[in-house]
Amino acid sequence: LAVVGLLFLDLLTHPLPAWQLTRPSDYYPRTAIHDRLAALSADPSAEPFRVYPVGGPYNTPFFKFNQGCVLQVENIKGESGFLLRDAGRYFNRIQGWPINVKKRYAQFYGTMARTDNRLMDLLNVKYLISDTPLSDPDAALISSADGLYLYENRRCLPRAFFSKSIVRAESLDKLFADIEQDSYDPRQILYTLDDVQPAAGDMTGTVTTRRRGPNALHLTAESPSGGWLCVGDPCAPGWTALVDGRERLKPVKVNALFQAYRIPAGRHEIRVSYVPNGFCTGLAATLAGIFLWLVTWGMAIIKNRASAAP
């Protein structure tokens, strides 16, 4: 009862009461630029990409923190899967702050130090949306309307690609110093803090995204000699790659944030997916509880009928 009471108290004191219906169009700005982004993301033939709203705090007036969810666009700022410790360090580095700054959600405040940031390219940020013109020579203006500008980041790396090798970095600071270099090519080398077995690979392999979802990525990968497949999603417990429906691989965390899998030579169908730790155990316990409840309920019915019989 106390919990229910607190819930109603929260609803009554909320600035927008739950019974006051608000259309998304009334809260989230929707311009030709936003429609263009939504169309690009909805294109089934398009490779996955991310968007970065340039300037202002994480809740920019022209791209509010949950607007990516409304448009079905993966945006960097706001409420997203990047609210992780490793991702916080990564974003702090983008902003030019110490990687261990002690501030909740610090990675989403302030403005980006520079748009031509190699860390942004590694994040698969293909489009930049801004309310002011950008001077970055590698940001190509593709559309402008209603005081907004949409740029394509021509340095953007794909969501998944093959890399030639993995090298163990001396420290996290040294790792960031290496991958921030403008000349850094992750197709040649990836850096990790984990202990991995050295193995040469091939960077000439091809990776095609067949289907994508909130927690899964279906890829077709082909490499003449095999190699390290780098996937630009945060590496966390629960991520695995199922190769040809048979072999399940665990990721190696590379470049301070991302996933890498050692893929054998040839053509393979790969499903990279996320299942939280404990999900299967919790599901099994739930089903077992339902089964025991049904058994108990059935036995009670049988017992009542038996006692009611003359």
Discussion item. One thing to verify: whether D146 and R30 come together as a salt bridge, which I'm taking to mean a side-chain N less than 4.0 angstrom from a carboxylate O.
Written reply: no
Fill in: V295 with L287, same ILVMFWY side-chain cluster at under 4.5 Å
no
Item to complete: To the nearest 0.5 Å, tell me how far F49 CZ sits from L40 CG.
Response: 5.0 Å
Fill in: V51 to P53 - nearest heavy-atom pair and separation
O-CD, 3.8 Å
Worksheet item: Closest heavy-atom contact between F258 and V231?
Response: CB-O, 3.5 Å
Worksheet entry | Heavy-atom check, side chain of F162 versus side chain of V207, under 4.5 Å | yes
Practice prompt. Report the C-alpha separation of I263 and S223 in whole Å, then their side-chain angles, then the decisive distance to 0.1 Å, and conclude whether the side-chain contact (heavy atoms from CB on, under 4.5 Å) test is met.
Written response: CA-CA 9 Å; I263 305 298; S223 175; over 6 Å; no
Worksheet item: Taking all non-hydrogen atoms of both residues, which atom of F176 and which atom of A256 are closest, and how far apart?
Response: CZ-CB, 3.7 Å
Discussion item. When you group the ILVMFWY residues by side-chain heavy-atom contacts below 4.5 Å and let the links chain together, are L242 and W228 in the same group?
Written reply: no
Worksheet item: Can you check side-chain hydrogen bond (donor to acceptor under 3.5 Å, both in side chains) on N255 and Y184, steps first, answer last?
Response: CA-CA 11 Å; N255 289 359; Y184 170 65; 3.1 Å; yes
Item to complete: For R154, check salt bridge (charged side-chain N to carboxylate O under 4.0 Å, His left out) against everything at least two apart and list the hits.
Response: none
Response to the item:
Interatomic distance, CG@L219 vs CZ@R159, rounded to 0.5 Å, equals 10.0 Å
Worksheet entry | Closest approach of N124 to P158 (non-hydrogen atoms, all atoms of both residues) | ND2-C, 3.7 Å
Worksheet entry | Residue R267 excluded, over 12 heavy atoms near CZ under 6.0 Å | no
Practice prompt. Return the minimal non-hydrogen interatomic distance between L249 and Y261, and the atom names on each side.
Written response: O-CE2, 3.6 Å
Fill in: All side chain to side chain donor-acceptor pair (under 3.5 Å) counterparts of T209, not counting sequence neighbours
E47
Exercise answer: donor-acceptor pairs, residues 268-276 side-chain atoms, under 3.5 Å, sequence neighbours excluded:
from	atom 1	to	atom 2	distance (Å)
H268	ND1	D244	OD2	2.7
H268	NE2	P264	O	3.1
H268	NE2	A265	O	2.9
E269	OE1	R210	NH1	2.6
E269	OE1	T220	OG1	3.0
E269	OE2	T220	OG1	3.2
R271	NE	H218	NE2	3.4
R271	NH1	S273	OG	3.2

Item to complete: Specify the closest pair of heavy atoms between P251 and Q259, including all atoms of both residues, with the distance to one decimal.
Response: CB-CB, 3.9 Å
Fill in: salt_bridge(D182, R118) N-O dist < 4.0 Å
no
